[in-house]
Amino acid sequence: MSTPRIFGDYESKWQKAWDEQGLYHAAQPGTIEAKEKFYGLVEFPFPSGAGLHVGHPRSYVAIDVVTRKKRMEGKNVLFPMGWDAFGLPTENYAIKNHVKPQDATTANVNNFRRQLKMIGFGFDWGREVNTTDPAYYKWTQWMFLQFFKSYFDESTGRARFVEDREAPVKGRGERGEGSGDTLPTTHYPLPSARMAYKTTTTINWCPSCKIGLANEEAIGGVCERCGSVVEKREKAQWMIGITKYAERLIHDLSTVNYLERIKKQQIDWIGKSEGAFIDFKVAYGQRLTVDGGDAVRVFTTRPDTLFGVTYVVLAPEHEFVSKWIADGVILNIDEVRAYQQASAKKADMDRTAEGKEKTGVKLEGVSAINPANGEEVPVFIADYVLAGYGTGAVMAVPAHDERDFAFAKKYELNIVEVIKPKRDIFQAKYSLVKKELESLGTPIENPEQEKDWQKKLDEEFNGFCKRVELGEICWPHEGSLMNSREFNDRYSEDAVAEITSWLEKKQSGEKTTNYKLRDWIFSRQRYWGEPIPIVICPSCGYVPVPEEQLPVLLPDVESYEPTENGESPLAKIREWVETTCPHCGGKAERETDTMPNWAGSSWYFMRYCDPHNDRAFASEEALKYWMPVNLYNGGMEHTTLHLLYSRFWHKMMWDLKLLPESIGPEPYASRVSHGLILAQGGEKMSKSKGNVVNPDDVINEYGADVFRVYMMFIGPFDQPAPWDVKGIEGVKRFLDKVWRLFEIADSELRIADSGLETIYHQSVKKISSDIETLAFNTAVSQLMVLTNAFTDAGGVPEEMVEGYLKLLAPFAPHLAEELWHTLGKGGSVHMSGWPTYDETKTVSASFELVIQVNGKVRDRIQVPSDISEDEAKAKALASENVQKYLEGKEPKKIIYVKGKLVTIAM
RNA sequence: GGGCUCGUGGCGGAAUCGGUAUACGCAAGGGACUUAAAAUCCCUGGCCCAAAAGGCAUGUGAGUUCAAGUCUCACCGAGCCCACCA
């Protein structure tokens, strides 16, 4: 063997060889090779013009290591890769550089593929998918149509086909012409009962990208992509009814193995809160109550504070405001209108800029009636009430809500505290009386007397509860807002339940559950996305494009610029837009909106199962075999977007029986997340700071194996880690050392030292379990320990050579394969089986027994591993140094921890 | 403001159940080899002390325990996420 060469010819040589051998080919079910499966998945990248970022490979190498181990263990492994290639960056690039988005995508994909291949991943490249490929997006469009043709069945809590009301659903991909849709498509606007529906909503409009954004993409009122401040606009948009699945998206998390913080973030995002709707009848002008008039419906999680309501607040956008203006019941119209306009503009600006100062305007001429006690309270509009949450109206309880309190203080409104009937208040009172009596010299010893007191207490308590029910108990409170501890102390679930059922009896409210999650805005007014396969017919309404006409191809266009009025560039291509209605044959137009780029990524893991199927998105057989994904890794930034959307998408498909029942409603059995790779010094890598590390440079300098091992060694996988040029040098030295080890081994040096046996078996054990728990950094460190041991011993014992190379193989696949073949081994190390260990051999013959006196280490002695407890204690006591500390006294207690220590307590 | 995560050498970080704190790597100092350099190899390495013995050390302060980086409470600090969600 020549000089150590970690990078160079042999890496590309093996990459080529593996490719030709089809080493990473995942066998389809039904074939001989299809054994027990393992599906490892990494998020497919968006192929940007900038090329691969070092952050990508951290995730890919990790799952590559896991799947390589699984493959060696004899599993039939699916580890695929593809391209999530629709999206704005490509479109913007195309506009700027006057190229076709298609061409830019192809170029970027080729570059990404080249970069990934250099790293030596075990991807099954035969399964590569691309969301912009018509053969792929045909099925994205097809799925959209399935959602359009289905509705949410409240009685079963599952989505089902509209035609399901009359006829059973046919199999996947076989829903041909003439499938009778019994829910007419002629409804305009469409009933939102459908899973996919079009409706006019206020959308987040990015003036820079000229695109409508989902709520998830406009966090903090800022466009997720370009950082521009978003505006509110009214627009007809396609929506998908994810809110119908809110409960199941929370509930089913208990059936999967996700990192706790991922579960928590999803639950928080869905934002479930239990409470009640309460109706406040409205009184106009002089008339106190109006039967059959408007009632403002508010949402509250604290119906038990109803007696503390001193005013009602509507969001400035609330429909009643304009209605009341039109009806002429509002007396201060100018002031109200001015406030509405101001707050509409304010939504466009950074909200935190104005701090949390609360503003609002009283609606003169209107008041609301508290259904609990008939009290008339003023009505305000204020932008601290959000139009999009709950009912867009709240009952204000300044004594128990900080925001209401701040507002009430500013506008000098009443603050009324609600006292809850809490038993401990009475208990305290009872104790006081008892103490007082005792201090007067009349101790209560008589048990009868004690019972009597208890009885009185109960009576008084029950009477108090009654008065609360009648709405009598609430009285003005002059103090400031209670601190939160006091507030929570007084909170009572019973009181909430009681008041809610009372409201329901009176028909002025109902129990409800509210979610922060909004329906998914599915329309984008851009070119580079899947066209929504719908035809708009003046007489039939929204008509689905017949399935045999899919895909609806993106037409070639001259210019990709979106229009100023917010229409998609597709709208400018009249010959594409103009079509005939598939339903009535009359003149009609195509839908010009395209789908968000979350569409293609919501189901790509299904396509990988059977990527070349042209009759279905995947065969039932393939789905049954491969799904669910065993291990899915991706960034935390996708927890509330992609991860939630794809879980939801999978559930809809499963409900519609488009997926095999047996795979269950959850697509991913396990989801983990990697930490960011930071620049040297701990800052985020960014182009503007010029601290971006290019994987190409690293691989050219050090080779793929060094890059891979360093990626795994850099730190705990789920935590951020700063890139360190010196650190990678250390890894290079390590792999050089491995190489040299075999130069020695090659010279026929044989080691017969059983001292190596222990460390070898320990290493097999530790590395095996570390890969399972994704503790890659300690797995690499154990490989180093083992390598150092071999180096110190002067070589690798013959019987450990294969096992050692196998342990190395998932991390440094090229080096392991090269050495495997240099040593004359047949086949491929990557198919050679995972090494086993003998538990009894992980324990050495002797160990260092630590002896402590009062918790401090006083001596260490070498003893045989099978030493008995009594022997160990005796040896410990016999130690000279221990004797010194005992000072001839008898120890109080002696504790023996097997295989570790003896501790003597004085 | 709320939630989550975390504070261990000069640095990245180890440390199953509470049981030898600082594995592994980097950087540093010293030495060997070499005309020299690179590469490689060997030695040293938490702090106090000349050394030994001993003492002090896992953000700070208490507590539980024979024994605490690990458990409990309080405080200080950092990072991430959400943020007027009624």
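The model shown is predicted, which means the values in this text are computed figures rather than measured ones. Letters go in sequence order (proteins before strands), and every chain restarts at 1.
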Could you check which of B/U20, B/C4, B/G25 has an atom nearest any side-chain atom of A/Lys264? B/C4
Complement of B/U40, any strand, by Watson-Crick or G-U distances under 3.5 angstrom: B/A32
With a 4.0 Å cut-off on heavy atoms, is A/Phe713 in touch with a base, just the backbone sugar-phosphate, or nothing at all? base
Can you tell which of B/A86, B/C66, B/G54 lies closest to the side chain of A/Ile895? B/C66
Given B/A83, B/U20, B/U40, which nucleotide is nearest the side-chain atoms of A/Trp269? B/A83
Atom P, compared across B/G13 and B/G19: separation rounded to whole Å: 22 Å
If you assign A/Val853 and A/Asp268 each to the RNA chain B nucleotide with the nearest heavy atom, which residue ends up on the more 5' nucleotide? A/Asp268
Side-chain contact test, heavy atoms from C-beta onward, threshold under 4.5 Å: evaluate it for A/Val897 versus A/Thr903 and give yes or no. no
Run the side-chain hydrogen bond (donor to acceptor under 3.5 Å, both in side chains) test on A/Tyr702 and A/Glu729 for me, step by step, so that the C-alpha distance in whole Å, both residues' side-chain angles and the decisive distance to 0.1 Å come before the verdict. CA-CA 9 Å; A/Tyr702 296 100; A/Glu729 286 283 351; 2.9 Å; yes
Is the shortest side-chain N/O distance from A/Arg261 to OP1 or OP2 of B/C6 below 4.0 Å? no
Test side-chain hydrogen bond (donor to acceptor under 3.5 Å, both in side chains) applied to A/Asn414 and A/Tyr311, step by step: CA-CA 8 Å; A/Asn414 285 340; A/Tyr311 59 99; over 6 Å; no
Pick base, sugar-phosphate or nothing for A/Lys737, based on heavy-atom distances below 4.0 Å to the nucleic acid. sugar-phosphate
Any strand is fair game: report the nucleotide pairing with B/A53 by Watson-Crick or G-U wobble, both distances under 3.5 Å, or none. none
Can you find a pair of side-chain heavy atoms, one from A/Phe713 and one from A/Phe811, that are under 4.5 Å apart? no
Is a donor on one side and an acceptor on the other found under 3.5 Å between the side chain of A/Asp705 and the backbone of A/Leu815? yes
Within the structure, does a side-chain N or O atom of A/Arg733 lie under 4.0 Å from either OP1 or OP2 of B/C26? yes
Regarding the side chain of A/Leu901, the nearest nucleotide among B/C26, B/U20, B/C81 is B/U20
Phosphate OP1/OP2 of B/C41 contacted by A/Arg740 side-chain N/O (<4.0 Å): yes
Should B/A67 form a Watson-Crick or G-U wobble pair with both distances under 3.5 Å, which nucleotide is its partner? none
Need one value for A/Gln852: base, sugar-phosphate or nothing, where a base atom within 4.0 Å counts as base even if backbone is also close, heavy atoms only. base
Report yes or no: do A/Glu43 and A/His642 form a side-chain donor-acceptor pair below 3.5 Å? no
Do A/Tyr710 and A/Asp724 make a side-chain contact, defined as non-hydrogen atoms from C-beta onward lying under 4.5 Å apart? yes
For residues A/Phe380 and A/Phe407, establish whether the separation of their ring centroids is below 6.0 Å. yes
Per A/Val897 side chain, nearest of listed nucleotides B/G19, B/C42, B/A14: B/G19
Among B/A86, B/C66, B/C26, which nucleotide has an atom closest to any side-chain atom of A/Ser273? B/A86
I'd like to know if A/Lys726 reaches the base of B/C11 with its side chain such that a donor and an acceptor end up less than 3.5 angstrom apart. no
Rounding to an integer number of angstrom, what distance separates B/A57 and B/U22 when you compare their C1' atoms? 11 Å
Quick check for you: among B/U20, B/G19, B/C24, whose closest atom lies nearest to any side-chain atom of A/Val850? B/U20
Carboxylate-amine/guanidinium proximity below 4.0 Å for A/Asp736 and A/Lys732: yes
Complement of B/C75, any strand, by Watson-Crick or G-U distances under 3.5 angstrom: B/G59
Give one of base, sugar-phosphate or nothing for A/Ile904, where a contact means two heavy atoms less than 4.0 Å apart. nothing
So, is B/C17 syn or anti if syn means the angle is within 90° of 0? syn
Per A/Gln265 side chain, nearest of listed nucleotides B/A86, B/G54, B/C81: B/C81
Syn within 90° of 0, anti beyond: B/G9 is syn
Between A/Gly730 and A/Gly392, which is nearer to the 5' end of RNA chain B once each is assigned its nearest nucleotide? A/Gly730
Under 4.0 Å: is that the gap between some side-chain N or O of A/Asn788 and OP1 or OP2 of B/G25? yes
Quick one: which of B/U20, B/C84, B/C66 gets closest to the side chain of A/Tyr384? B/C84
Using heavy atoms and a sub-4.0 Å distance, could you list which residues of residues 772-781 of chain A are near RNA chain B? By number, please. A/Asn777, A/Thr778, A/Ser781
